[in-house]
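Ligands are counted one by one from 1 in listed order, and the atoms in each one are counted from 1 as well.
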Amino acid sequence: MFEQELSQLEKKHLFRKLAIVESAQGPRVTANGKSVLLMCSNNYLGLAEHPALREAACSAMKRYGFGSGASRLVSGTSELHQELERRLAQFKGAEAALLFNSGYSANTGIIPAVASEGDMIVSDSLNHASIIDGCRLSKAAVHVYQHKNVGHAESILKKCMNARRRLIVTDGVFSMDGDIAPIPDLVSLAEKYDAVLMVDDAHSTGVLGKQGRGTVEHFGLEGRVHIQMGTLSKALGSSGGYATANKNVIDYLINTSRSFIYSTSLPPAVCAASIAALDILQTDPDLRKRLWKNRNRFVNGLESLDIDIGDSETPIVPIIIGESQKTLKAANHLFDLGLYATAIRPPTVAEGRARIRTTVMATHTDEDIDQAIEIFGMLKREGYIL
Ligand SMILES: *Cc1c(COP(=O)(O)O)cnc(C)c1O
């Protein structure tokens, strides 16, 4: 039944395959049976394989077992869920926090709860798919503004002042380009037009800000972003999503957010690992320093090779190639040369904007980074990259 569609995807070089990883998400992994330098994991700080997280998860498992047994409003709220929410609220400087089972289910649960019939949503054109799906699930009128174009967002808001509620939603760091949203201007816009501002800090938590608290700390806008959403699955090396906001918003989500209400809660061991990750984040700023040092070393190397990295400002460094076929060829060649970074193609990115999306981790050594630069240099000389 799906053969034709599948062969169409193949023909357009958009067919996707799973690579099997047989080791922890360290700087080097075994993938499809080959040992390679890993440059596409979101495990920015190396916490996914950190001994403290392993320990915390094991001892929680010994005490609580594995599965949580029920949804949060039934019997699935352990003391570890409560503790983690308390810690997240404190970390983000908010009154309260709420856990979701993933970042994806946070966005698809928060947005339809906050914006519904008679409301409007103003959303950046490069927002993550989970935000787009959250918008699709909501009964609000959805308006997309040009990427980071606050003037465009304002012109939309001006025309929608009769909406019951207005929600502005943006990625804090854009997941495929690694650029940072204009949060200060969006805060002013939200204040001027009496809108709710929601920022998705999936790629900024643990990465941006002096204490790694994300974009709000990065811009010094504490208390002025209404809903901070994030995930525990990236820099925190664990799993699960969350929202932080004032207590009313969180109580409202507990009562109305469908992905929160109708899904079994995270295993307590996952909460324990997340708490351990927050402990490390708050006591070891060196990890974040190493991440940025590696990121800058890598970007300097690519720039000296005259390789196009778009508007990257963070450890997400896209190598923009353009056509899907060329990008796929480049990714396959990279893998043969011992570097693992995936080809990102439409619909994840726009037509003609296919890329190798690389990410840098704190656990990469200088030698790892230099090897990656050398490999990209070879690709460039061989004509795989413009
Ligand atoms: C990864 C990501 C998510 C989803 O988080 P998961 O925990 O992986 O489900 C949401 N938003 C953005 C911007 C992301 O990059």
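- In terms of protein heavy-atom proximity, atom 11 (N) of ligand 1 is nearest to Asp200 OD2, 2.6 Å.
- Heavy-atom contacts from other residues, nucleotides or ligands closer than 6.0 Å to CG of Asp306 number 12 or fewer.
- The main-chain N or O of Ile320 is never found under 3.5 Å from a side-chain atom of Arg355 such that the two would form a donor-acceptor pair.
- The protein heavy-atom contact nearest to atom 4 (C) of ligand 1 is Tyr104 N, 3.5 Å.
- Looking only at heavy atoms of the protein, atom 8 (O) of ligand 1 is closest to Ser233 OG, 3.5 Å.
- Close approach of ligand 1 to Thr231 is summarised as follows: ligand atoms under 4.0 Å from at least one heavy atom of the residue are 5 (O), 6 (P), 7 (O).
- With hydrogens and angles left out, the side-chain atoms of Arg258 and Thr108 include no donor and acceptor closer than 3.5 Å.
- Less than 4.0 angstrom separates some heavy atom of Ala202 from each of these atoms of ligand 1: 2 (C), 11 (N), 12 (C), 13 (C), 14 (C), 15 (O).
- For the side chain to side chain contact (heavy atoms under 4.5 Å, CB included) test with Ile319, the passing option among Ile356, Leu379, Ile344 is Ile356; the others fail.
- Heavy atoms only, all atoms of each residue included: Tyr44 and Val360 are closest at CD2-O, 3.6 Å.
- Close approach to His203 involves these atoms of ligand 1, each under 4.0 Å from a residue heavy atom: 14 (C), 15 (O).
- Atom numbering of ligand 1 starts at 1 in the shown order; those under 4.0 Å from a heavy atom of Ser175 are 15 (O).
- Which parts of ligand 1 touch Asp171 is read off a 4.0 Å heavy-atom cut-off, strictly below it: atoms 13 (C).
- In this structure, the protein non-hydrogen atom closest to atom 5 (O) of ligand 1 is Gly103 CA, 3.2 Å.
- Under the side chain to side chain contact (heavy atoms under 4.5 Å, CB included) rule, Phe174 has a single partner from Glu313, His203, His147, which is His147.
- With hydrogens left out, the protein atom closest to atom 14 (C) of ligand 1 is Lys234 NZ, 2.8 Å, a heavy atom.
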Take Thr170 and Asp124 through the test side-chain hydrogen bond (donor to acceptor under 3.5 Å, both in side chains) and record every step on the way to the result.
-> CA-CA 6 Å; Thr170 183; Asp124 189 288; 4.6 Å; no
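- Scanning the protein for heavy atoms near atom 10 (C) of ligand 1, the closest one is Ser130 OG, 3.3 Å.
- Across every non-hydrogen atom of Leu45 and Leu287, the tightest pair is O-CD2, 3.6 Å.
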